[in-house]
Amino acid sequence: MILFDTHAHLNFGDFDADLDEMIGRARAAGVVNIVNAGYDLASSRRARELADRYDLIYIAVGIHPHVAGKALPGYLEQLEMLAAHPKVVALGEMGLDYFRDLSPRPVQRKVFREQIALAKKLNLPVIIHDREAHGDMMEILREDGPGLPGGVIHCFSGSWEMAKECIAMGFYISIAGPVTFSNASRLKDVAARVPLDRLLVETDAPYLAPAPNRGKRNEPAYVRYTAEEVAALKKMEPEKLAKICTENGRKLFRLP
Ligand code: NI
């Protein structure tokens, strides 16, 4: 299989002990590209070191909604400086998280909107995190989304109605490990319906390991389990599905 893990966090401490081996397992599984997503300024900065070290790793820089409350004045200028690295292919992850509510919601919305504006200025696609914030998310995407050079709703968790509207606005839908869980009937339904030319797969490693590794540390090699499940839902050959998703990712992130 040829796979693209379009969302991982490899600069979290979870991988310090076996980074080389983990990248080796990813290559052996057929992973040809990984987008390592920033979480705050420090992780966005460290992501660049990984990208310099491994040819298959590209990066996104951004402020996650969990830490939006800690974004200091000047953070946009810092992001812009970080985005000048040649392997930065997107801004993110950014968005809204009303499940854990770690930052005040008005601040989450403000920092999200400011990053969308920066993405337009820099002509970069966006990687969007949305958890239990579907209403406000769609309102912001309707108002601020037009003019973006593309984007992806990562680890999609909404309804098919929401997916349909995101697709109509030009966004990709990225499916993560939970689609392999037996109780994920709504997500399975969404994955089965998303048009092939709008579909991506990801791990969100180290989180959300797909079955059969549910509960363990996730890593990019496991993206194949997600691709296999989505292929089964679409009644397709896994190799074909994986190749199409890889091409979609390379197109969205404009990889050479
Ligand atoms: Ni993430």
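Because only heavy atoms are used, hydrogens play no part in the values below, and waters and symmetry mates are left out as well, while side chains stay in. Indexing begins at 1, ligand by ligand and atom by atom, following the structure's order.
Its N, O or S atom nearest to the Ni ion (ligand 1) is what matters here, and for E93 that atom is OE2.
Not one N/O/S atom of H129, from backbone or side chain, sits under 2.8 Å from the Ni ion (ligand 1). Because the distance cut-off is set at 2.8 Å, H64 fails to qualify as a neighbour of the Ni ion (ligand 1), as none of its N, O or S atoms comes that close.
None of L91, V35, V89 except one satisfies the side-chain contact (heavy atoms from CB on, under 4.5 Å) rule with I127; the exception is V35.
With sequence neighbours left out, the salt bridge (Lys or Arg N to Asp or Glu O under 4.0 Å) criterion links R224 to E228.
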Please lay out, stage by stage, how E21 and R25 fare under the test salt bridge (Lys or Arg N to Asp or Glu O under 4.0 Å).
-> CA-CA 6 Å; E21 291 85 345; R25 286 191 293 273; over 6 Å; no
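Taking the six-membered ring where tryptophan is involved, the planes of Y39 and H66 are perpendicular, since the angle between them exceeds 60° and thus also 30°.
Vertex the Ni ion (ligand 1); arms to D204 atom OD1 and H7 atom NE2; angle 90° (nearest 10°).
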